[in-house]
Amino acid sequence: MLEVYAGMGERREIVLPDSTHVWLNAGTKLIYPKEFNRAIRQVYLSGEMFADVKHDEDRPFIVSADRLEVKVLGTQFNLKSYQEDVKSEVSLVRGKVSVDIKASKMNGKLILTAGDILRFNKTDNFLNFDPDSYANWIDNDNFFFVEQTLGDIVADLRRHFAVDIIITDKALRGETYYASFVNNESLDEIFEALNKDRLFSVRREAEVYYLSPPLK
């Protein structure tokens with residue numbers, strides 16, 4: 001088995017033994033065999049990946065990530081499943097994928113078609129989205145936060161910018177945002193845009209950012 005890791009603040013592109021192209025986002029580990037066997041093409045993920053899977057009718061491509069297992073024959077999809085995050089997400093750009101959920105009270109299989117996104121927490125939801133823009137992290141420093149909590153957003157920003165960000169108040173973590181950043185905004189610019197309603201204050205000490213309730 002081979003292991004590839006994309007560190008904090010970096011991305012990596014690799015080609016698997018079957019010519020499948022995979023892009024790894026920051027803080028991601030992928031484990032895969034040096035050669036796939038004749039029955040399946042299975043890899044193991046911790047983090048976020050975008051895959052352009054080589055079509056093979058006889059050998060399904062399977063990604064195991066924590067309690068999710070994504071199975072395809074040949075398609076483009078994004079899978080986000082960091083162990084430290086509360087949510088996992090599967091989004092489909094084209095084709096069809098099967099998602100097995102292995103969790104107490106939720107065991108089952110779901111089928112996604114192009115444009116679907118599955119978010120797994122204690123419940124699962126399907127939302128419509130723009131599949132072309134969703135995977136733009138591959139080539140650009142773009143972010144699309146659709147009904148994302150501040151806690152989820154901070155987790156992404158921490159990995160991308162390789163800095164420590166601490167939310168000091170539990171209530172702030174659950175605030176939900178709809179926002180997109182497509183102009184290579186800096187971290188300070190992203191915080192300024194997210195905080196247009198002044199729901200939190202930002203303090204920086206050395207390389208650590210602190211998000212706290214607004215100053216009175």
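One-based numbering along the sequence shown.
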Q. Any chain of hydrophobic side-chain contacts (each under 4.5 Å) joining V53 to I62?
A. no
Q. Same cluster for V43 and I14 if Ile/Leu/Val/Met/Phe/Trp/Tyr side chains link at under 4.5 Å?
A. yes
Q | More than 12 heavy atoms of other groups within 6.0 Å of R11 CZ | A | yes
(Q) Is it the case that over 12 heavy atoms from other parts of the model lie below 6.0 angstrom from the CD atom of E13? (A) yes
Flag side-chain contact, heavy atom, 4.5 Å: [X] against [Y]:
{"X": "V208", "Y": "V163", "value": "no"}
{"X": "L157", "Y": "L187", "value": "yes"}
{"X": "D52", "Y": "F77", "value": "no"}
{"X": "K54", "Y": "R41", "value": "yes"}
{"X": "L68", "Y": "V99", "value": "yes"}
{"X": "V90", "Y": "I117", "value": "no"}
{"X": "V4", "Y": "L24", "value": "yes"}
{"X": "R158", "Y": "V154", "value": "yes"}

Q.
Show the nearest heavy-atom pair for residues I167 and G151, with the distance to one decimal.
A. CD1-CA, 4.0 Å
Q: Write down the atom of V22, the atom of A51, and the distance for their closest heavy-atom approach.
A: CG2-CB, 4.3 Å
Q. For F161, which residues count as a ring pair (Phe, Tyr, Trp, His ring centres under 6.0 Å) partner, sequence neighbours excluded?
A. none
(Q) For L199, is there any backbone N or O sitting under 3.5 Å from a side-chain donor or acceptor partner on N195? (A) yes
Q | Heavy-atom donor-acceptor pair, R173 side chain to T168 backbone, under 3.5 Å | A | no
**Q.** Partner residues of E3 under the salt bridge (Lys or Arg N to Asp or Glu O under 4.0 Å) criterion, sequence neighbours left out
**A.** none
(Q) As a test of understanding, state which of N78, N142, D156 forms a side-chain hydrogen bond (donor to acceptor under 3.5 Å, both in side chains) with W137. (A) N78
When the side chains of residues 26-39 are checked against the rest of the protein, which donor-acceptor pairs come out under 3.5 Å, sequence neighbours left out?
residue, atom, partner, partner atom, Å
T28, OG1, N25, O, 2.8
T28, OG1, E48, N, 2.8
T28, OG1, E48, O, 3.2
T28, OG1, Y82, OH, 3.4
N37, OD1, A39, N, 2.8
N37, OD1, I40, N, 2.8

(Q) Working note: D18 + T20, criterion side chain to side chain donor-acceptor pair (under 3.5 Å); need CA distance, chi angles, decisive distance, verdict. (A) CA-CA 6 Å; D18 65 337; T20 289; 2.9 Å; yes
Q) side-chain hydrogen bond (donor to acceptor under 3.5 Å, both in side chains) with D85: which residues, sequence neighbours excluded? A) R159
(Q) If the condition is side-chain hydrogen bond (donor to acceptor under 3.5 Å, both in side chains), which residues does S19 pass it with, not counting sequence neighbours? (A) none
Q | Working for side chain to side chain donor-acceptor pair (under 3.5 Å), residues Q148 and E89 | A | CA-CA 12 Å; Q148 295 290 297; E89 296 181 356; 3.2 Å; yes
Q: Return each pair, listed once, that meets ring pair (Phe, Tyr, Trp, His ring centres under 6.0 Å) where at least one residue sits in residues 167-203; pairs must be two or more places apart or across chains.
A: F191-Y209
Q | Candidate pair K71 and D100, rule salt bridge (charged side-chain N to carboxylate O under 4.0 Å, His left out), full reasoning | A | CA-CA 8 Å; K71 180 179 179 180; D100 283 335; over 6 Å; no
Q: Apply side chain to side chain donor-acceptor pair (under 3.5 Å) to the pair Q42 and S64, showing each step before the final yes or no.
A: CA-CA 8 Å; Q42 185 155 21; S64 295; 2.9 Å; yes
**Q.** Aromatic ring proximity F50/H21, centre distance under 6.0 Å
**A.** no
